[in-house]
Amino acid sequence: MQIAMYEQKRIFLTEEFPKFTSREIAIDQIKKRGQKRAYTCPFCEEFLTLRAGSMNEPHFAHIRGKSCLMSQAYEQYEKQINRESSNHSVITDAIYDDLSTQGKYKPDLKVEHGFQAKLKENWKIVPDIVVKKGSQEFGISILTNVHQKGDENLVKLIRKRQKYFKEKELDVIWFVEDRELSVDLTYRVLFLWESEILITSKTPWDCKWENLVHELSINDTYPLHEVFNYHGRTELTNDVRSLYYVNSNQDEITFSVYRMILDELNSPYRAFAISTGYNIQLSEALVIEDQLRLANDDLEERHMALFRSDFANALHIMMQEYKETYVPNIIQKSASLSPQTRVAKQKTVRKIKEDLEVVHWDDGTVSYLINKLKRGYITEEDVIKLEYYLRHNRELVVFKGWELRDIQAMATSALGRIDDPKVRIHLVKIEEL
């Protein structure tokens, strides 16, 4: 196996090699330490030696006849996660430590590594972490190295694991490393790999979003995706699902929460982003009630309110454009329109949406506008864009590296330089956000 206890700390063999000037010297020195009983098994505390031959990768091993069942289970788990990046162990350990801390003051909560929890049952595949809350049990699995080159193999692997967990009657929550997160919020589209689609989940908040989508979709004259400028490739259902991305850096681990309606289930894969996504801290996401919370209730409520507001505003613009076709209070169903009228309507929708204000930028627009504000020279058009963006995307501003309070301080400073009343109105609105 690749782990051992050394000087009262758990170490990973692969992380030890860079501490030496060459691989050969590393193997030689670690072997000598092992021969002098420097390494022990994290599970049974027996002494370990280093084995490094021409046939197998270097690894720690028990002295002959001393191998413990737990280390054997861990070695099997190591093979299972062999495809993952080095971030996998960092993320897994952080989640495990956080949940274990909760277990200290929740007597009915038990948190174990998957290979440990399922040792006696001899599971062939295990989740990274198993959580037991009273009579409830669920697993947590983390995926890294999700990319185009390995997507096809990863899809097979996920299907196999999901089938196995289902046979074992274990619900598993999946997290995916956010290195492959690809979203264009201007068009509310999430670009996905097939593997990402497979690990979407259904939560109580998704059901609440479904109710909202259903409420706004009752009149099908204005399809939801057209109102939001989403260029759907299939007929969208009201099946809202969640995808959880995890980000790890030197300072912290955070989660990004996205609610979506899956669209194209053949390559290229995509989904309609119902919520524009938000970040939450590890300690906030992993609060265990009956299940993991995995949401910020206040942010969800705010995003739902913005979704409703954005829908109403865009719909108002569309209805103004359609006043020649649609009589107020007598809204015709799209099915009753002639084919020629429907085509004209679709073209009009595209034209309107191309002219709508863009409030979800993924390029450098946000930084450009903030820097203009910082210098105290910003036009009415730009301050309107910035104020509207900040109102709808507070969390994304933080995600892009800005603090709202700093931007508000810039607005206050700009008020001391700018006399234009049309600009000042929006600077005051930014102050009051």
So how far is it from [X] [atom1] to [Y] [atom2], rounded to the nearest 0.5 Å?
X      : Y      : atom1 : atom2 : answer
Ile407 : Leu386 : CD1   : CG    : 6.5 Å
Ile3   : Cys41  : CD1   : SG    : 7.5 Å
Leu216 : Phe228 : CG    : CZ    : 7.0 Å
Asn296 : Arg302 : CG    : CZ    : 8.0 Å

Centroid-centroid distance, His303 to Tyr278, less than 6.0 Å
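Yes, the ring centres sit under 6.0 Å apart.
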Enclosure of Glu121 CD (heavy-atom neighbours >12, cutoff 6.0 Å):
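More than 12 heavy atoms, drawn from other residues, nucleotides or ligands, come within 6.0 Å of this atom.
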Lys372 NZ: over 12 foreign heavy atoms closer than 6.0 Å:
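Correct, the count exceeds 12.
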Nearest heavy-atom neighbours spanning Leu427 and Ala411:
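Nearest pair, atom of Leu427 first, then Ala411: O-CB, 3.8 Å.
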Looking only at heavy atoms, what is the nearest atom pair of Val155 and Ser195, with distance?
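Shortest heavy-atom separation between Val155 and Ser195 comes out as CG2-N, 3.7 Å.
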Parallel, tilted or perpendicular: rings of Tyr245 and Tyr258 (30°, 60°)
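Ring orientation of Tyr258 relative to Tyr245: perpendicular.
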Which class fits the ring pair Trp123 and Tyr164: parallel under 30°, tilted 30 to 60°, perpendicular over 60°?
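Because their plane-to-plane angle is over 60°, the rings of Trp123 and Tyr164 count as perpendicular.
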Are [X] and [Y] close enough that some pair of their side-chain heavy atoms sits under 4.5 Å apart?
X      : Y      : result
Gln116 : Tyr77  : no
Lys118 : Phe115 : no
Leu224 : Leu236 : no
Tyr96  : Asp128 : no
Glu215 : Phe311 : no
Glu284 : Phe255 : no
Cys68  : Glu46  : no

Between [X] and [Y] (salt bridge meaning N to carboxylate O under 4.0 Å), is one present in this structure?
X      : Y      : value
Glu75  : Lys79  : no
Arg159 : Glu194 : yes
Glu57  : Arg23  : yes
Asp206 : Arg241 : no

Any donor-acceptor N/O pair, Gln162 side chain to Leu198 backbone, under 3.5 Å
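Yes.
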